[in-house]
Amino acid sequence: MKKKITLITAVMAFSYTFAQENPHLETYSKRIDSIVVSEKLKMNAELDEVDRNFKDKKITAQEKQQKRSEIASKYEQIINEKVDGQQSELEDATKVMVKNAVLGANDSIKEKGKNQLQLGLGGVKMKLNADKKTPKDYLTVRDLTISFIGANLTSKNEPFRFYSKDSDVRTTVYNSYSFAFTYEYQLGGFRSPVFYKIGLGVRSDNFRPKYNKVFTQENNKLEVTDFTRGNLRDTRLNNTYIYIPVDLRFVLNPKYTDYEGVKYLDNRKSQLSIIAGIYGGVRAGSVIYNKYSTEFTKRITERQRLMHGVNDLIFGAKLGIGYGGLNLFIQKDFTPAFNDNAMLKKKYGLQIGIEIANVNF
């Protein structure tokens with residue numbers, strides 16, 4: 001017991017040395033201090049009772065020594081169990097302290113308190129969590145997510161044929177983006193690795209036709225035709241949607257923490273997840289953009305609102321894998337983006353995306 005108290009005292013002294021530089025370590029040291037003080041008070045009360053019984057000759061000297069030994073062992077076990085329950089907090093505090101000692105405190109941009117901006121292999125993650133104090137609070141997440149997407153068109157009979165040569169549009173790695181405000185909640189008890197997310201967002205798909213061709217709309221038809229009015233510098237068709245995503249997230253390597261005797265999934269940790277979901281959206285607008293030059297002027301820009309050939313509603317599904325603020329996903333429109341008035345060979349949207357920004361509120 002004396003060795004255990006000595007070790008804990010040393011840890012507390014070491015913790016207080018770095019408390020001002022590391023608030024996590026300060027919180028841990030306070031919890032350990034509270035556990036030790038509380039349990040020692042209870043132990044001393046029981047030891048005093050044994051001493052009174054011996055003084056009143058209710059027990060023998062041998063019984064007194066035996067009872068004192070039993071009480072000390074009991075409280076040693078209690079303290080050990082409660083300290084072990086705070087082990088994850090010590091690990092987090094130690095990692096932060098070592099990181100700051102080796103790399104310095106400026107490897108991420110942080111505000112005082114709990115708000116912070118992190119940049120790294122896990123993507124861009126901003127936390128605005130000043131109102132969150134317990135592990136339970138972190139199980140409900142409000143997010144602003146930003147994704148960069150490679151949008152492609154496929155046919156109905158070949159729904160997952162990436163970058164088909166028969167398509168009327170170019171094969172482009174990045175030509176689309178989306179952002180959404182979402183709410184994520186835990187399904188089941190506090191230890192459940194399953195979460196569901198619902199949100200509201202905007203998706204913008206940009207399609208460029210094959211070289212020296214443009215989108216045109218004549219006679220209520222959308223077509224891809226040759227450009228003959230000068231030197232074409234840029235062209236694209238932009239479809240913008242307001243959409244509602246609904247996702248399920250399955251944590252593959254859940255990490256847990258204990259708080260006030262309850263075990264919680266620690267949603268503050270970066271964990272590996274599988275994401276599956278559906279989405280539906282309504283078209284907010286479509287625009288044909290052309291930029292070209294002629295012998296008389298170097299720059300002519302045209303923007304034409306698209307009135308024909310595009311469906312107003314989309315519905316599809318999504319599958320992805322994520323770690324921290326970085327998510328890779330593929331999503332497929334089950335409904336065609338373009339209708340029968342579009343003279344296109346491929347009409348169904350297929351997107352491959354990466355979610356690299358994640359703002360937690």
Side-chain angles (χ1 to χ4, degrees), residues 11 15 22-39 77-96 113-116 118 122-123 125-145 180-200 244-278 318-327 329 355 358-361:
V11 171
S15 300
N22 192 337
H24 299 285
L25 202 58
E26 181 182 14
T27 300
Y28 176 80
S29 65
K30 288 181 179 179
R31 290 181 181 176
I32 299 301
D33 189 16
S34 176
I35 291 171
V36 174
V37 171
S38 175
E39 298 305 324
Q77 182 177 355
I78 291 174
I79 292 175
N80 282 337
E81 291 175 352
K82 291 191 174 183
V83 169
D84 289 342
Q86 301 294 323
Q87 186 66 30
S88 63
E89 294 291 336
L90 177 59
E91 291 175 356
D92 290 344
T94 304
K95 289 177 182 178
V96 172
K114 298 182 180 181
N115 300 338
Q116 56 183 284
Q118 299 175 345
K125 176 178 282 190
M126 180 182 291
K127 295 182 178 180
L128 306 175
N129 292 319
D131 60 332
K132 295 186 176 183
K133 297 179 174 61
T134 70
K136 181 180 177 181
D137 296 332
Y138 285 88
L139 296 176
T140 299
V141 180
R142 294 162 291 177
D143 269 345
L144 168 62
T145 59
F181 292 94
T182 63
Y183 280 81
E184 184 179 70
Y185 304 90
Q186 188 179 33
L187 279 176
F190 295 137
R191 299 175 60 183
S192 172
V194 183
F195 293 79
Y196 75 94
K197 178 185 292 188
I198 187 169
L200 179 66
I244 297 176
V246 180
D247 294 342
L248 282 178
R249 181 168 69 92
F250 304 87
V251 180
L252 300 181
N253 60 333
K255 300 175 183 178
Y256 299 96
T257 185
D258 289 299
Y259 182 78
E260 295 183 349
V262 180
K263 194 168 188 177
Y264 297 86
L265 185 141
D266 194 347
N267 212 27
R268 297 167 295 180
K269 301 288 184 63
S270 294
Q271 300 176 96
L272 187 65
S273 302
I274 292 291
I275 302 162
I278 58 175
K318 171 183 177 181
L319 183 65
I321 185 169
Y323 183 80
L326 180 66
N327 297 319
F329 63 88
E355 182 183 297
N358 186 303
V359 183
N360 297 143
F361 297 96

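Below, each value reflects all heavy atoms present in this structure, side chains not excepted, and no hydrogens, waters or symmetry copies. What you see is a predicted model; the values in this text were computed from it and never measured.
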Could you list the residues that satisfy side chain to side chain contact (heavy atoms under 4.5 Å, CB included) with D247, not counting sequence neighbours?
->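 D247: side chain to side chain contact (heavy atoms under 4.5 Å, CB included) contacts with K197, I275, K318.
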
Quick one: list whatever passes side chain to side chain contact (heavy atoms under 4.5 Å, CB included) with F190, sequence neighbours left out.
->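 F190 satisfies side chain to side chain contact (heavy atoms under 4.5 Å, CB included) with K136, L139, Q186, V262, Y264 only.
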
Heavy atoms only: give me the nearest [X]-[Y] pair and the separation to one decimal.
X	Y	answer
P254	L265	CB-CD1, 3.8 Å
F329	E355	CE2-N, 4.2 Å
F195	S192	CE1-O, 4.1 Å
T134	Y259	CG2-OH, 3.5 Å
S270	K255	O-NZ, 3.9 Å

Looking only at atom types and distance, does a side-chain atom of N253 sit under 3.5 Å from a main-chain N or O of L272, one as donor and one as acceptor?
->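 At least one qualifying donor-acceptor pair exists.
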
What is the distance from atom [atom1] of [X] to atom [atom2] of [Y], rounded to the nearest 0.5 Å?
X	Y	atom1	atom2	answer
N267	D137	CG	CG	11.5 Å
I321	I274	CD1	CD1	4.0 Å
L187	F250	CG	CZ	8.5 Å
L319	L248	CG	CG	11.5 Å

Can you tell if the side chain of V246 reaches within under 4.5 Å of the side chain of Y196, non-hydrogen atoms only?
->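 Not in contact.
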
Side chain to side chain, F181 and L144, heavy atoms closer than 4.5 Å |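 In short, these two side chains touch, coming nearer than 4.5 Å.
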
Partners passing ring pair (Phe, Tyr, Trp, His ring centres under 6.0 Å) against Y183 (at least two apart in sequence or in another chain) =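 By the ring pair (Phe, Tyr, Trp, His ring centres under 6.0 Å) rule, Y183 matches no residue at all.
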
